[in-house]
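Accompanying notes for the structure given below.
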Amino acid sequence: MALAQKPLVELGRVAQHGEARPAVQAEGFGFIGQLATENLTPAGKLAGYTDGEIFRALRHGVDQKGHALGMMGALPYRQLSDDDLQSLVAYLRSLPPAATTGPTGDRINFVGLAMVGAGMLPSEPPVDGVVTAPPRGQTAEYGRYVATFGECRGCHGPDMTGTPASALGPAIPDPRPLVSTLSQAQFIEMMRSGVRPGDDPFPATMPWQNAAAMDDHDLAALYTYMTAPVE
Ligand code: HEC
């Protein structure tokens, strides 16, 4: 898997659009303050970052000065391998520079800060040392890794068993029961088309386009993971 060719994580997607958009619109974090997703093209905030500093931002969720980067600390991207983070840095550097058009920087208000202090916003445990990806294969282990870079675990929870309603938004369902009723081919077809069995399209809150851009191998591994027993 080379993330450079698969800009599937939020960072890649925002950067690809070449614009900063207020995530508050897309993600509904309004009442904890405004969370702006940065312009990550070479003309944006990362112009002053070294490659190592971008790597550190992805791995540890901190900015150049070591300050926590809002939501980045709550998302599982720090589990991406060193190789894939390096590919992601190279990808960001390769983007055509685009002017910043929206607000930048997290503006978490008092309620948000109080929630961070009270531990109400989730935070991923720190990761030390070299991180390697599981071998690319039709295994649940590799499929779990696909669900990490494909963003699935960021929304559906660390084990893909759904997340209850919280300060961050409404409940997100456990997708495993539905997936377990499908064949691998039906699952791949659903993720490519964005339409569930029974002609039931995913709503806009479910970004199936991430998965639609994956190749058959990675989708099959994702299926293996989602139909394997939860550890
Ligand atoms: C931004 C949050 C978000 C991300 C990222 C996300 N999902 Fe979802 N997903 C949702 C929501 C919300 C629903 C419920 C949609 C609805 O109301 O029917 C959903 C529904 C589903 C369903 C249908 C469940 C059912 O019983 O109908 C499947 C399958 C699914 N997601 C798989 C995935 C996979 C695989 C990924 C990663 C490629 C993924 N999701 C990434 C938010 C997300």
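Reckoned from all heavy atoms, side chains included, excluding hydrogens, waters and symmetry mates. Order of appearance sets the numbers: ligands from 1, and atoms from 1 within every ligand.
No donor-acceptor distance shorter than 3.5 angstrom exists from the side chain of Gln86 to the backbone of Asp83, with no hydrogens or angles considered.
Checked by distance only, ligand 1 and His156 come closer than 3.5 Å through their nitrogen or oxygen atoms.
Between Tyr145 and Tyr142, the ring planes lie tilted relative to each other; the angle falls in the 30° to 60° range.
Of all atoms in ligand 1, numbered sequentially from 1 with element shown, those under 4.0 Å from a heavy atom of Met190 are 29 (C). For ligand 1 and Leu178, the ligand atoms under 4.0 Å from any heavy atom of the residue are 23 (C), 25 (C), 26 (O), 27 (O). Residue Val179 has at least one heavy-atom neighbour below 4.0 Å for each of these atoms of ligand 1: 29 (C). Close approach of ligand 1 to Thr205 is summarised as follows: ligand atoms under 4.0 Å from at least one heavy atom of the residue are 1 (C), 2 (C), 10 (C), 12 (C), 42 (C), 43 (C). Listed by atom number, the atoms of ligand 1 under 4.0 Å from Ala211 heavy atoms are 38 (C). For ligand 1, the atoms closer than 4.0 angstrom to any heavy atom of Pro173 are 13 (C), 14 (C). Residue-ligand proximity, Met191 to ligand 1, at heavy-atom distances under 4.0 Å covers atoms 34 (C), 35 (C). Close approach of ligand 1 to Pro203 (heavy-atom distance below 4.0 Å) involves ligand atoms 15 (C), 16 (C), 17 (O), 18 (O).
Within the 4.0 Å heavy-atom cutoff, Ala147 does not count among the residues contacting ligand 1. Look at Arg153 and you'll find every heavy atom at least 4.0 Å from all atoms of ligand 1. Note on ligand 1: Asn210 sits outside its first shell, no heavy atom being nearer than 4.0 Å.
A salt bridge is absent between Arg56 and Asp63: the closest approach of a Lys/Arg side-chain nitrogen to an acidic carboxylate oxygen does not fall below 4.0 angstrom. With respect to the salt-bridge test (charged N to carboxylate O, under 4.0 angstrom), the residues Asp215 and Arg192 do not qualify.
Side chains of Asn39 and Thr41: a donor-acceptor N/O pair is present below 3.5 angstrom, by distance only.
Looking only at side-chain heavy atoms (C-beta outward), Leu95 and Pro42 come within less than 4.5 Å of each other. Here the side chains of Thr132 and Asp82 are not in contact, with every heavy-atom distance at 4.5 Å or above.
Rounded to the nearest 0.5 Å, atoms CG (Leu46) and CG (Asp51) are 10.0 Å apart. Atom CD1 of Ile188 and atom CE of Met214 lie 11.5 Å apart (nearest 0.5 Å).
Taking only non-hydrogen atoms, the option from Arg176, Arg196, Glu151, Met226 nearest to atom 27 (O) of ligand 1 is Arg196.
At a heavy-atom cutoff of 4.0 Å, ligand 1 is contacted by the side chain of Phe202 but not by its backbone.
In summary, no N, O or S atom of Cys152 is located under 2.8 Å from atom 8 (Fe) of ligand 1.
Remark: Arg176 qualifies as a cation-pi partner of Tyr225 under the 6.0 Å distance and 45° angle criteria applied to the six-membered ring.
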